[in-house]
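All of these numbers come straight from a predicted model, not from anything done at the bench.
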Amino acid sequence: QVQLTESGGGLVQSGGSLRLSCAGSGRTFRTYPMAWFRQAPGKEREFVAYISWNAGNIYYADSVKGRFTISRDNAKNSVDLQMNSLKPEDTAIYYCAGGLRRIDSSNYYRGREYDYWGQGTQVTVSS
């Protein structure tokens with residue numbers, strides 16, 4: 001069983017930065033493709049960023065491209081999301097997710113491709 005725990009959320013002013021971290025348990029964490037999703041109040045969960053097991057493939061949602069950076073440290077079983085130039089529309093609960101299998105490049109944005117989810121961390125951006 002794998003457990004994912006997010007941290008680093010909080011309240012920040014528009015234009016500010018936050019760094020989210022996702023700590024994973026389990027020896028095979030380093031083989032998992034990982035992603036960040038978010039869900040704003042009253043909205044559906046949406047894809048934010050993806051990183052393959054060896055960081056060879058990285059994808060971002062258009063809404064965060066150029067502002068967010070996903071990275072991972074397999075030695076530490078962690079995946080981070082550096083968020084810069086934050087906007088009020090970035091306000092949401094952010095979740096990290098991990099997949100047991102390789103995820104096709106056409107499906108990385110689909111939540112159903114991921115087998116493990118964290119409990120989420122709240123990010124609030126004030127205007």
Side-chain angles (χ1 to χ4, degrees):
Q1 186 71 11
V2 172
Q3 287 188 325
L4 302 176
T5 305
E6 302 94 338
S7 62
L11 173 64
V12 64
Q13 288 187 336
S14 180
S17 299
L18 281 175
R19 188 176 184 89
L20 305 184
S21 292
C22 174
S25 64
R27 295 167 54 188
T28 57
F29 177 92
R30 64 192 63 190
T31 67
Y32 297 166
M34 299 293 296
W36 286 93
F37 289 78
R38 67 187 182 186
Q39 187 166 19
K43 294 187 177 181
E44 293 187 353
R45 182 181 62 195
E46 65 174 358
F47 166 79
V48 175
Y50 165 90
I51 187 167
S52 60
W53 71 275
N54 63 351
N57 291 303
I58 290 176
Y59 305 111
Y60 297 98
D62 287 343
S63 59
V64 307
K65 200 171 295 181
R67 300 187 297 122
F68 290 11
T69 302
I70 189 171
S71 61
R72 69 187 298 161
D73 185 338
N74 287 340
K76 296 182 179 180
N77 279 4
S78 67
V79 176
D80 289 352
L81 185 69
Q82 177 66 42
M83 306 186 296
N84 298 328
S85 301
L86 283 162
K87 305 175 182 180
E89 51 263 44
D90 294 318
T91 295
I93 298 174
Y94 283 70
Y95 300 91
C96 70
L100 284 173
R101 295 160 296 277
R102 176 185 173 278
I103 296 175
D104 188 84
S105 60
S106 62
N107 292 321
Y108 60 85
Y109 61 95
R110 299 182 187 274
R112 67 188 185 195
E113 295 292 319
Y114 299 86
D115 303 282
Y116 298 108
W117 294 81
Q119 83 289 348
T121 186
Q122 177 71 47
V123 171
T124 303
V125 184
S126 63
S127 57

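For the pair Cys96/Leu4, a side-chain contact is recorded, criterion being any heavy-atom separation below 4.5 Å from C-beta on. The side-chain heavy atoms of Met83 and Val12, taken from C-beta on, include no pair separated by under 4.5 Å. Contact of the Phe68 side chain with the Leu18 side chain is not registered, since no non-hydrogen atoms from C-beta on lie closer than 4.5 Å. Ser127 has its side chain within reach of Pro88: a pair of non-hydrogen atoms, C-beta onward, lies under 4.5 Å apart.
Tyr94 contributes atom OH, which lies 7.5 Å from atom CG of Leu81 (distance to the nearest 0.5 angstrom). Atom CG of Leu86 sits about 10.0 Å away from atom OG of Ser126, to the nearest 0.5 Å. Here the straight-line distance linking atom OH of Tyr32 with atom CG of Leu100 works out to 5.0 Å at 0.5 Å rounding. Annotation: the span from Asn84 atom CG to Arg19 atom CZ amounts to 9.5 Å, rounded to 0.5 Å. Interatomic distance, Phe37 CZ to Tyr114 OH, rounded to the nearest 0.5 Å: 5.0 Å.
No donor-acceptor pair closer than 3.5 Å links the side chain of Ser52 to the backbone N or O of Pro33. Between the side chain of Ser25 and the backbone N or O of Gln3 there is at least one donor-acceptor pair closer than 3.5 Å.
By the side-chain contact (heavy atoms from CB on, under 4.5 Å) test, Thr5 is found to be paired with Gln119, residues two or more places apart in sequence or in another chain being considered. Contacts of Arg102 classified as side-chain contact (heavy atoms from CB on, under 4.5 Å), with partners at least two apart in sequence or in another chain: Asp104. Partners of Glu89 according to the salt bridge (Lys or Arg N to Asp or Glu O under 4.0 Å) rule, which considers only residues two or more places apart in sequence or in another chain, do not exist here. Under the ring pair (Phe, Tyr, Trp, His ring centres under 6.0 Å) criterion, Tyr60 pairs with no residue at all, not counting sequence neighbours. Here Ile93 pairs with Tyr95, Gln122 under the side-chain contact (heavy atoms from CB on, under 4.5 Å) rule; sequence neighbours left out. Evaluation of the ring pair (Phe, Tyr, Trp, His ring centres under 6.0 Å) rule for Tyr50 yields Tyr59, Tyr108 as partners, not counting sequence neighbours. Here Trp53 pairs with nothing under the ring pair (Phe, Tyr, Trp, His ring centres under 6.0 Å) rule; sequence neighbours left out. Take Ala23 and apply the side-chain contact (heavy atoms from CB on, under 4.5 Å) test, not counting sequence neighbours, and it matches no residue.
Every pair tested for salt bridge (Lys or Arg N to Asp or Glu O under 4.0 Å) that includes a residue from residues 4-13 fails, sequence neighbours excluded, so the list is empty. Every pair passing salt bridge (Lys or Arg N to Asp or Glu O under 4.0 Å) that includes a residue from residues 113-127 is listed here, sequence neighbours excluded: Arg101-Asp115. Under the salt bridge (Lys or Arg N to Asp or Glu O under 4.0 Å) criterion, no residue pair touches residues 116-127, with sequence neighbours excluded.
Two different hydrophobic clusters hold Met34 and Phe47 under the rule that ILVMFWY side chains link at heavy-atom gaps under 4.5 Å. Criterion: ILVMFWY side-chain heavy atoms under 4.5 Å apart, direct or through other members. Under it, Ile103 and Val2 are not part of a common hydrophobic cluster.
Under the 3.5 Å distance criterion, with hydrogens and angles disregarded, no donor-acceptor pair is assigned to the side chains of Asp73 and Ser71. Gln82 and Asp80 are not linked by any side-chain donor-acceptor pair at a separation below 3.5 angstrom, with hydrogens and angles left out of the test.
Under the 4.0 Å criterion applied to side-chain N and carboxylate O atoms, Asp90 and Lys87 are not assigned as salt-bridge partners.
Ile58 and Ile70 get closest at one heavy-atom pair: CG2-CG2, 3.6 Å. Between Gly111 and Trp117 the shortest heavy-atom distance is O-CZ2, 3.4 Å.
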Walk me through it: do Ser63 and Arg38 pass the test side-chain contact (heavy atoms from CB on, under 4.5 Å)?
CA-CA 12 Å; Ser63 59; Arg38 67 187 182 186; 3.5 Å; yes
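Through ILVMFWY side-chain contacts below 4.5 Å, Leu11 is grouped with nothing and stands alone.
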